[in-house]
Amino acid sequence: MTRELFLELFTGLLREMIRIRRFEEKCVELYSATKIRGFLHLCIGEEAVAVGVVGALTEDDAVVSTYREHGHALARGVPMPSIMAEMFGKATGCSGGRGGSMHLFDASRRFYGGNAIVAGGLPVAVGLALADHLTDDRAVTVCLFGDGAFAEGEFHECANLAALWDLPVLFCCENNRYAMGTALAREHAATDLAMRAAAYGMVAWTVDGMDVIAVREATDRALEYVRDSGKPCFLELRTYRFRAHSMYDPDRYRDKSEIETWKKSDPIPALEARLVSDGLMTPAEVERWRAAVEAEVEAEIAAAVEAADAAPLEPVEDLLRHVMTEATGDVVAPAGGRST
Amino acid sequence: MSRRSAMTVAKDAAVEAMTAPAVAPATVTTTFREALREAHREALARDPRVFLMGEDVGRYGGSFAVSLGLLEEFGEERIRDTPLSESAFTGAGIGAALRGLRPIVEIMTVNFSLLALDQIVNNAATLRHMSGGQLSVPMVIRMTTGAGRQLAAQHSHSLEGWYASIPGIRVIAPATLEDARGMLGPAVEDPDPVVLFEHGSLYNLSGTLPAEPVRVDIASAAVRRAGTDVTVIAYAGGLGKALAAADLLVAENISAEVIDLRVLRPLDDATIMGSVARTHRVIIVDEAWRTGSLAGEISARIVEQAFYELDAPIERVCAAEVPVPYAHHLEEAALPQAEGIAAAARRVVGVHG
């Protein structure tokens, strides 16, 4: 790749990580202001996974995510105003106000949630891939989940099934070292998750999930493998969340010093340093670029908040809509998983 | 051969097999099992998006032999044997449906379906609503239900009432040959998830059907026997017992109307209330436990919607509140029987009779 292409790729990744970070920081504010309610799970610290994995996909690929999915949705291109409106519970939200923070959906971008049952999205991902296998589609289904999901039976059923049937699934285990408040070594007898996944007959390896370039490279390689072979692949992305599990979590189960240590690997300053060390930008250029990006992102977030605030609520008369197919309006027959 | 062409060839072979020259008689002798198999064959031949998966549906021929021969006809891609992973393969059906295919997932028994309950409740029934109407899950989940075969407590329960309480799915339960033959087709075409219950005691039910398949709906209940003195509401394995009870009552000059629910969700209130308005007395037969049963739900609806039509308290004939036991005499004692239904009818007819 040329210097310009590297610069474009690196700044693109950096910009998206900053965008996700600032969006979530605004969410904290809005939560305190009671504009956003319910559970709110932040991925601050884990942005390299969202941006590195999801940014590597083509628009034909599918994403099945978890309840900690704001970053995944933004990286997938789900418009920020529709995400913000969803969190405000508004009719213009990407799930019509019926999902909230944990259930962001965008069928047109093949973003299948937003699943709050830990590991519950995995069988669905396997099925999306099964359909592609049966119809010779070259799409890859990427399934993001955490180290907690790795302890669920559904993960093990799905790893076996995808490997047994040669299904084009990319399993991305976002290992942030805690299943809510239970540390990795207190939930798993063997903590090398990639090694255990490999035992199912899948290609699997471990990636530094704090290094967005490493995540992107690993994802590119994994996607190429899955697309060419039609077989599943497993990435264990070792990362860390800087914030508590949710807004309700007093974070009593880990030392503050551990958090501070991991913050030294913050993927955003790490990539800024890389821009300089690779000779792509001078420190002064980074600073100017950063200031411009921060201003753009701030404006984008402000517009999303303003739109969400102004958006109408779904009328209560529509409470019972979308339970079963409606004569008009709802999806009757999915065409390739897209909204019709 | 590409995967797609494998599916296409299998489909062509199936169409050829279906259209093989034969002198079609006006009726055919068949069984509930064969009728279900024919319904599968037709669905698979008509639509290349349809495929069947589940434990032992292929080489074994189906644990209750419903899919016997389909593997040879449609190939391994469309008749897929799965590992014993109810949650994974049921969820895989959901994912394939989201992508536009029309999966039929077979779960061996309703007791085993509890291992897939997360996928059925949290995903199949929920995704349309939770996505604001963006997603559709057009799949059929079939499973056996019911007791009467000395299979003891982990193969015999009737949990269909639980499923019937869940918004977002349709629940159907054929009790006749015609419905065994006819209900799968519209279920496969339905844009929403359909859970289809096959009562294990019905597979060997035999009789005749028109040679040409008859189109049936998956929305309404059916009056299987007209009567004037008491309405007996039943479904699936209970229908035969309800009809037998009606026969017993003839000698006592009690005319029982027998309703086959057919569809457990959404319930066809109109047919039920219409019958109550004619007979003013109601028995509900349900092989599930009485507490929290579908029979309880139907009773409540009748009280809410037709209270002033009632001339007697509603009676429920349900399973005893016990895990279904193995020994034949105990199992029979635990289940609704024709004599018990008839006795309940005598009681309600006796009230203000």
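Hydrogens, waters and symmetry mates play no part in the numbers below; they use all other heavy atoms, side chains included. Each chain gets a letter, A, B and so on, in the order the sequences are listed, and its residues count up from 1. Treat the numbers as computed from the prediction; the structure is a model and nothing was measured.
Across P123(A) and S87(B), no two heavy atoms sit closer than the pair CB-O, 3.7 Å. Among all heavy-atom pairs drawn from R170(B) and M324(A), the shortest one is N-CE, 3.9 Å. Shortest non-hydrogen contact noted between A131(A) and A96(B) is CB-CA, 3.9 Å. In plain terms, the two heavy atoms of P191(B) and T325(A) that are nearest each other are CG-OG1, 3.2 Å.
Proximity to chain B among residues 97-105 of chain A is limited to R98(A), G99(A), H103(A), F105(A), judged by heavy-atom separations below 4.5 angstrom. Of residues 140-152 of chain A, not one residue has a non-hydrogen atom less than 4.5 Å from any non-hydrogen atom of chain B.
Between the D118(B) side chain and the G120(A) main chain, no donor and acceptor come within less than 3.5 Å of each other.
Counting heavy atoms from C-beta on, the side chains of V124(A) and Q119(B) come closer than 4.5 Å. At a threshold of 4.5 Å between non-hydrogen side-chain atoms, the residues R80(B) and L130(A) count as touching. Here the side chains of T135(A) and R49(B) are not in contact, with every heavy-atom distance at 4.5 Å or above. For the pair S85(B)/L161(A), no side-chain contact is recorded, criterion being any heavy-atom separation below 4.5 Å from C-beta on.
Contacts of L127(B) with chain A are made by side-chain atoms alone, with heavy-atom separations under 4.5 Å and no backbone atom involved. Residue contact with chain B, scored on non-hydrogen atoms closer than 4.5 Å, involves the side chain of N160(A) exclusively. The part of A139(A) that comes within reach of chain B is its side chain, from C-beta onward, which places non-hydrogen atoms under 4.5 angstrom from that chain. With a threshold of 4.5 angstrom between heavy atoms, D192(B) approaches chain A through its backbone and through its side chain. Interface residue L164(A): only side-chain heavy atoms are found under 4.5 Å from chain B. Of the atoms belonging to T82(B), heavy atoms from both backbone and side chain fall under 4.5 Å from chain A. When heavy atoms are compared at a cutoff of 4.5 Å, M53(B) approaches chain A solely by way of its side chain, counted from C-beta outward.
When S95(A), G113(A), G93(A) are compared by the number of non-hydrogen pairs under 4.5 Å with chain B, S95(A) comes out ahead. Interface check for chain A: of the options T90(B), L115(B), L84(B), N123(B), the most heavy-atom pairs under 4.5 Å are formed by N123(B).
Rounding to the nearest 0.5 angstrom, the gap separating the OH atom in Y112(A) from the CZ atom in R99(B) is 6.0 Å. With rounding to the nearest 0.5 Å, the separation of CD in Q134(B) from NE2 in H322(A) is 9.0 Å.
For CZ of F112(B), the number of neighbouring non-hydrogen atoms (other residues, nucleotides, ligands) closer than 6.0 Å is greater than 12. At most 12 non-hydrogen atoms from other residues, nucleotides or ligands lie less than 6.0 angstrom from CD of E224(A).
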